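Owing to the predicted nature of the structure, the values given are computational and were not obtained by experimental measurement. Here is how names work: the chains are called A, B, and so on, in the same order as the sequence lines, proteins then strands, and each is numbered from 1. Only this structure's heavy atoms are used, side chains among them; waters, hydrogens and symmetry mates stay out.
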Amino acid sequence: MSQQTPRPQVGLFVTCLVDMFRPSVGFATVKLLEMAGCQVDVPGTQTCCGQPSFNSGDRASTKRLAKDVIDAFDGFEYVVGPSGSCIGMLHHYPALFAPDDPYRARAESLAERAYEITSFLTDVLNFDAILADYEHRVTYHDSCAGLRELGVKNQPRQLLEKVGGLDISEMEEAETCCGFGGTFCVKYPDISNRMVSNKTSNATATQADTLLGGDLGCLLNMAGKLKREGSPLQVRHVVEVLANMTDTPAIGESQYDLAKEL
Amino acid sequence: MQINSPQFKERAKTALHDPSLQKALGNLRHGFPGKRAAAVARMPEFEQLRDEGRDLKNHVIEHLDFYLEQFETKVIEQGGQVHWARDAEEARKAILDICRKANAKTVTKGKSMVSEEINLNDYLEEHGVHPIETDLGEYILQLREDHPSHIIAPAIHLNLDDVSDIFSKKHGTERTDDPAALMQEAREMLRKQFVAADVGITGANFCVAETGSTLIVTNEGNGDLTQILPRVHVVIATIDKVVPTLEDMTLFQRLLARSATGQEFTVYNTLSTGPRRSDDQDGPEEYHVVLLDNGRSEMLGGDFQEMLRCIRCSACMNHCPVYGAVGGHAYGWVYPGPMGAVLTPKLIGIDKAGHLPNASTFCGKCESVCPVRIPLPKMMRHWREREFERHLSPKGVRLGLGAWSYFTRHPKLYRWLARAGSFGLKLMAGKKGRVHSLPLSKGWTAWREMPAPEGGTFMDQWKKQQRQAEEN
Amino acid sequence: MSNAREQIFANIRRGLGRGPLEGDALDHVRQRLKAHPANCIPARSALAFNEQVNLFKEMALEAAAELHELDRLEALPAKVAELLPELGGGPLVMASEPELTALAWPEELPREERVARAGDHVSLTGAFAGIAETGTLMLLSGAQSPTTLNFLPDTHLVVLRRSAIVGPYEAAWQKVRELGGTWPRTVNMITGPSRSADIEQKLQMGAHGPKRLIIFLLND
C-alpha cells in the first residue's frame, strides 16, 4: 500500500461483551478496519464504557471510569467500536464533567473521534470495498443507541449491499427496541420478554434465515429468545458478515448444532 | 386517584398476562405511530416547528412570572376570575367554592388530566356535587369506576365488549356490539346532562397571555357543550400552560394534533375569553380560571425544568415499547409512559414512583417523537441518580454495581474476571452453545437462553496474536 | 388566595434565580407580546388566492365536511329547503345574521332565529373565515351568532364566503384583530364533523357535536 497518505490510526474499543462473549466480532472489526487501510491498535487498559453505572444513576463511578477510557484512548486519531450503544456512551462523557474540568475538553475530543464501525467505514472513510459472500436472506435490527444517538441506519445496509448473494428483507418495527436495555432485561424480565417476543416474531415473519445487528447486547437478547423458542433463525453481528467471517457458529449456536444440520 | 406506582412490577406482570388488555394495546401499537408518521410526512416544516416549539417553551419558562401576570390581567379585564392554587387541596377547594356559589348539583366535565391529578371527582362527589365526565372515553370509565390509562385516549385499555357490557348494565339498554350505536347511546344520555348541568369544568391546552383566553382541543365537541351550556365555566390549568400570543398558540396547535392522533388538525379548537358578552344569546355567565402550581414552580432551575415544556400530546407513550407492553394502569397513577416516568416522581415522590424512571431501556424513541424535544431519557436518568444518591435503589443492584465498577477500574483484575466468566459460561453451556438456566441471572434465563461465549477473551487472543507477529 | 398567588410567584422567581423582570428584559417581552411575531408558517398555504380556495376545499373534504358551491346567496333557501327533510326536518334553527335572515325564505320552511336546544336537527350560521391550511372554519360568537348553534344540532350548515378564505391560521387571527373592539367570547375553529375513536381506536363520526358539517361555499 502506498505510504504517501498516512494511514488512519484507530484505537479499537472492544466493548466488554465482545471481549467476553464473542471475540470474533472484535477480529472482524479489526479486519474491516485494516481492509479500509487503517492502522489498528487495542489499548490494553480499556475495560467498560460505563453504561451500567451511568444508567443506574451512579454518576461518580461513571465519571471515574470515563477518565480511564479518556486516558486509554488519548492520542488516537479515531476510536472505533462494534457497538452503537458503547460508542454512544463515549458521546455522553462531556456532560459528566464541569466546563472548567480539564477532562471536559478531553471528553469532547474523544467524542469527536469516536465512531461506531459501520458509520466509520461509510461516513468517515467512504469505504465500501467489501469482499464477502453470504448467500442468505437477512433481516436487520436497528439498535436504539446506534440509530437514535449516532444516526446509524443506512450505513450497515449500504455495506451489506456489497455482500455477494445477500438479500435484505426488512422487518416490521425494525427500529423498535428489542427489550435488552442493559440491566433493564434482568430488572424487568417480564416486560423485556414481551418486547423481545415482539421482535422475534417480527424477525421471523420476514422469512429471513439470519438476523443481523450492530450491538452484541441486543443480539444476545434476541438470540437467547430465538433459541428458547426453538427458532432456526441465526443471529450474527453485522461485522461478521461484512468481514466474511461466518464460519464460526452463530450466537447461541454450537458446532454440534451445525453438524446435526449437515 | 390512589397511588399504586410502588406496585409497578406486579401491575406490569398482571397486565402482560391479561389477553384482553394485550389486544387493546395492539390497537395502539398499530394505530398512533403510523398516523403520526403519515402526518409528519405531509408537513415538510415539522422538524423546524419542533425546534421552534422547544425554543418558545423555553422562552415562556424563563419568563413564566411575566406571562402569568399578563394572562391574569387579561382574564380579569375580560370579566373573568382567576384563582391561584399552590396544591391539589387549594385547587379542589376553589372549584368546590365556585360550585357552591352557583348552587350546583351536577357539573359536566371535559377531559382534563389535571382534574385527575387533583382527584377532583371524588372530592366533589363527597361534597354533594355530582360530576359527569363527557368525553366518551372518560364517560365509559366513570360508569366502570375506572381511571384513564392514557392521557388522550383514556379508555384505550378497554375493548368493544367492555363498553357493550357496561352500557347495557348502566343504561339498562339492550346490549349492542355496534360501536356507532354505542356512541349514539352515549350521545343521547349525555345530551340531557349537558343541558341540566349548573357548572361546566374543562381543562386547557393553552392559556394565551395576549388575550387572557384558554384553548381547548377536542374531536368530540364535548368540551364545547361543557362550557357553553352551563351558567358557569371553570377552567383548571397548571401554570406551565401559558403561551404568549395567538401566533405562539398556533405553533403548538400545529404540533399537537399531528403528534397526538396524527390528524392535520383536531376537529374543535375552541378559544374562550371571559364570560358571555352583554349582548350574547348564549355562553356562560361566569368564567373562572383556576391556575394550579402543584410542584411545577419547584421544577424551575433544576434537572427537570425541561419537562415543563410538555404539551401533553401523548406521542411519547404512543411510541414507547414499555407502555405498549404494559399499558397505562401499570404506572399506578395519573401520568403514564415516558412523560409520566419523569413527572410522576416529582408529583408523588421518587420513593413511591421509583420504578417508573427505571422501567425504561432508554431506547430514546420518546425523545425522537416529542414535539418540544424534551430529553426524556436524560431526565429519567436524573431520577435514577437521585435514587442512587438517596440509597433508594435495591441493595443487590448497588452491591453488584459497586463490584462491577471496582473491576472496571482495575484492568488486570478485570481481564481475569472476563476470562473466568467466559470460561465458566462456556463450561456450563457444554456442547449446546447456550445455557438454559443461570442461578444468578434468573431474570434472563426465565425467558431466554444465555448464549455461550465463543471461548477465550478478545484481549487475550489479541495479545497472543501480537506476540506471534513480533516473533515472526 | 392572594397568599397562594404570592407564594407561587416567589417560587417561580426563586427557581429562575431573579426578581421580577425589569429594564430591558421587561421591555423585550412586552415588545414581543405587542408585536406578536409569527413563528414558522408552513409553506403549504402560501398560494395564489384561487389555489388557497382549492386547498380549503380539498382539506375540508378530507376532514369529512360536505361542500356545496353557490353562485349567489339568494340560492341558499332553496338549497336548504331541499336538504332539510333528509336531515331530519325543521325547524331550521339559525343565526340572526342579517345577510341570512334577509333572504327570501319560503313560507313553508319552518325557521327559528334563536340559540340551539337539545333535539334540534339542523342549524344554519355564517362563518368568519375559512382557513385553507387544514380546511378549517373560524366562527366567532356574538349577538347574532350564538355558539350553541355550532354544537348542539345534528347537522350544522355553514355559509362561507369565498372571499373569507385565508391561507394559514395567522391570517385568520389577523382578521380577528382587525375587527377591533371587544374580543369575542368564543372563537371556534372547526375542521369537519364531530368524531371519536375512544372505542377500540376505531373512528366513529358524530360523537357529541354535529354528525354532519355542510359548508355552502359562496362564490362572491
Side-chain angles (χ1 to χ4, degrees), chain B residues 27 31 43 45 48-49 52 62-66 70 83-86 90 136-137 153 155 159-160 163 179-180 182-183 187 190-191 195 210-211 219-222 224-225 228 244-247 250-251 264-265 267-274 276-277 279-283 293 297-298 300-301, chain C residues 1 4-5 7-9 11-13 15-17 20-21 26 29 32-33 36-40 42-43 59 62-63 114-115 118 134 136 141-143 146-148 151-152 169-170 173 182-202 204 206-209:
Chain B
N27 297 334
M43 175 56 69
E45 296 90 348
Q48 190 188 340
L49 293 172
E52 292 190 2
E62 291 296 331
H63 303 90
L64 190 58
D65 51 342
F66 171 80
Q70 286 295 314
H83 311 261
W84 297 89
R86 278 170 290 199
E90 287 187 348
L136 178 59
N159 290 303
L160 179 58
V163 183
L182 289 166
M183 196 165 73
R187 180 182 171 101
L190 282 166
R191 205 127 284 238
V195 177
E210 176 191 1
T211 52
N219 275 315
E220 298 182 6
N222 64 307
D224 288 282
L225 293 173
I228 50 177
T245 67
L246 294 166
E247 279 76 3
T250 293
L251 169 63
E264 283 289 318
F265 212 49
V267 176
Y268 301 112
N269 281 250
T270 298
L271 190 75
S272 310
T273 313
R276 71 157 75 170
R277 309 295 179 232
D279 52 357
D280 278 351
Q281 299 176 54
D282 57 14
D293 181 344
S297 62
E298 282 171 29
L300 291 165
Chain C
M1 220 68 94
R5 184 187 187 282
Q7 202 183 323
I8 291 170
F9 277 90
N11 270 350
I12 291 172
R13 287 170 184 145
L16 295 173
L21 282 181
L26 183 60
V29 278
R32 192 184 180 285
L33 207 53
H36 53 81
N39 301 288
C40 164
M59 295 304 289
E62 188 188 298
R114 57 163 168 84
V115 301
T134 46
T136 300
S141 65
T147 306
T148 40
F151 291 95
L152 267 177
Y169 310 117
E170 282 83 351
W173 292 129
T182 317
W183 196 261
R185 196 280 154 178
T186 308
V187 179
N188 290 123
M189 298 168 94
I190 299 177
T191 314
S194 163
R195 68 200 65 186
S196 173
D198 271 348
I199 302 176
E200 284 196 354
Q201 293 301 293
K202 290 187 186 79
Q204 304 293 332
H208 293 299

task = Give, as side chain, backbone, both or neither, the part of Glu62(B) having an atom under 4.5 angstrom from any heavy atom of chain C.
result = both
ask   = Which bit of Phe9(C) is near chain B, if near means a heavy-atom gap under 4.5 Å: side chain, backbone, both or neither?
value = side chain
inquiry  = Taking the side chain as everything from C-beta on, heavy atoms only, tell me whether Asn39(C) gets closer than 4.5 Å to Thr250(B).
reply    = no
query = Just by distance, do the side chain of Ser297(B) and the backbone of Ile12(C) share a donor-acceptor pair under 3.5 Å?
reply = no
message = Looking at every non-hydrogen atom in both residues, tell me the closest pair between Gly274(B) and Arg185(C) and how far apart they are.
response = O-NE, 2.7 Å
task = Search all heavy atoms of His208(C) against all heavy atoms of Gly221(B) and return the closest pair with its distance.
result = CB-C, 4.2 Å
query = Can you check side-chain contact (heavy atoms from CB on, under 4.5 Å) on Leu152(C) and Arg191(B), steps first, answer last?
reply = CA-CA 9 Å; Leu152(C) 267 177; Arg191(B) 205 127 284 238; 3.5 Å; yes
Heavy-atom contact with chain B under 4.5 Å, split by part of Thr147(C) = both
ask   = Which residue out of Asn219(B), Val267(B), Asp279(B), Asp293(B) racks up the most heavy-atom pairs below 4.5 Å with chain C?
value = Val267(B)
message = Can you give me the closest heavy-atom contact between Pro146(C) and Gln281(B), atom names plus distance?
response = CD-NE2, 3.8 Å
query = Which region of Ser272(B), side chain (C-beta onward) or backbone (N, CA, C, O), has a non-hydrogen atom less than 4.5 Å from a non-hydrogen atom of chain C, or is it both or neither?
reply = both
request  = Flag the pair Phe265(B) / Met189(C) as yes when at least one side-chain heavy-atom distance between them is below 4.5 Å, and no otherwise.
outcome  = yes
ask   = Of the non-hydrogen atoms in Ala4(C) and Glu90(B), which two are nearest, and what is the gap between them?
value = CB-OE1, 3.4 Å
Full working for side-chain contact (heavy atoms from CB on, under 4.5 Å) between Gln204(C) and Leu182(B) = CA-CA 10 Å; Gln204(C) 304 293 332; Leu182(B) 289 166; over 6 Å; no
query = Measuring heavy-atom distances to chain C, does Val163(B) have an atom under 4.5 Å in its side chain, in its backbone, in both, or in neither?
reply = side chain
query = Can you tell me if Glu200(C) uses its side chain to pair, donor with acceptor, with the backbone of Leu160(B) under 3.5 Å?
reply = yes
message = Checking the side chain of Glu45(B) only, and the main-chain atoms of Ala43(C) only, is there a donor and an acceptor separated by less than 3.5 Å?
response = yes
Residue Leu190(B) versus chain C: region with a heavy atom under 4.5 Å = side chain
remark   = Scored by heavy-atom pairs under 4.5 Å with chain C, the best of Thr270(B), Leu300(B), Thr273(B), Asp282(B) is Asp282(B)
ask   = Out of Thr186(C), Leu26(C), Val115(C), which one racks up the most heavy-atom pairs below 4.5 Å with chain B?
value = Val115(C)
key: Atom group of Arg195(C) that falls short of 4.5 Å from chain B, counting heavy atoms   = both
inquiry  = Between Gln48(B) and chain C, with a heavy-atom cut-off of 4.5 Å, which part of the residue counts as in contact: side chain, backbone, both or neither?
reply    = side chain
inquiry  = For Tyr268(B) and Phe151(C), take the angle between the two ring planes, folded into 0 to 90°, and tell me which bin it lands in: parallel under 30, tilted 30 to 60, perpendicular over 60.
reply    = tilted
inquiry  = Can you tell me which portion of Thr148(C) sits under 4.5 Å from chain B's heavy atoms? Options are side chain, backbone, both or neither.
reply    = both
remark   = Residues Glu52(B) and Cys40(C): closest non-hydrogen pair is OE1-N, 2.7 Å
query = Which of the residues Ile228(B), Leu49(B), Leu246(B) is involved in the greatest number of heavy-atom pairs with chain C at under 4.5 angstrom?
reply = Leu246(B)
inquiry  = For chain B, which candidate among Thr182(C), Thr136(C), Asn188(C), Leu33(C) shows the most heavy-atom pairs at distances under 4.5 Å?
reply    = Leu33(C)
inquiry  = Rounded to the nearest 0.5 Å, what separates atom CG in Asn269(B) from atom OG1 in Thr134(C)?
reply    = 8.5 Å
task = With the side chain counted from C-beta on, respond yes when Asn11(C) and Arg86(B) share a heavy-atom pair under 4.5 Å apart, and no when they do not.
result = no
query = What part of Leu225(B) gets closer than 4.5 Å to chain C, counting heavy atoms only: side chain, backbone, both or neither?
reply = side chain
Side chain, backbone, both or neither of Glu264(B) within contact of chain C (heavy atoms, under 4.5 Å) = both
task = Find out whether Leu21(C) and His63(B) are in side-chain contact, i.e. whether some heavy atom of one side chain is under 4.5 Å from a heavy atom of the other.
result = yes
Euclidean distance, Lys202(C) NZ relative to Met183(B) CE, rounded to 0.5 Å = 13.5 Å
ask   = Who wins among Asp65(B), Leu251(B), Leu64(B), Asp280(B) for the most heavy-atom pairs under 4.5 Å with chain C?
value = Asp65(B)
query = In terms of heavy-atom pairs under 4.5 Å with chain C, which of Asn27(B), Thr245(B), Asp224(B) leads?
reply = Asp224(B)
request  = Please tell me if the side chains of Trp173(C) and Thr211(B) come closer than 4.5 Å, counting only heavy atoms from C-beta onward.
outcome  = no
query = Out of Ser141(C), Pro184(C), Ala118(C), Ala63(C), which one racks up the most heavy-atom pairs below 4.5 Å with chain B?
reply = Pro184(C)
key: Non-hydrogen atoms of Leu136(B) and Ser196(C) that approach each other most closely   = CD2-OG, 3.6 Å
task = Pick one of side chain, backbone, both or neither for Trp183(C), based on which atoms fall under 4.5 Å of a heavy atom in chain B.
result = both
ask   = So which of Gly31(B), Gly283(B), Ala180(B) has the biggest tally of heavy-atom pairs under 4.5 Å with chain C?
value = Ala180(B)
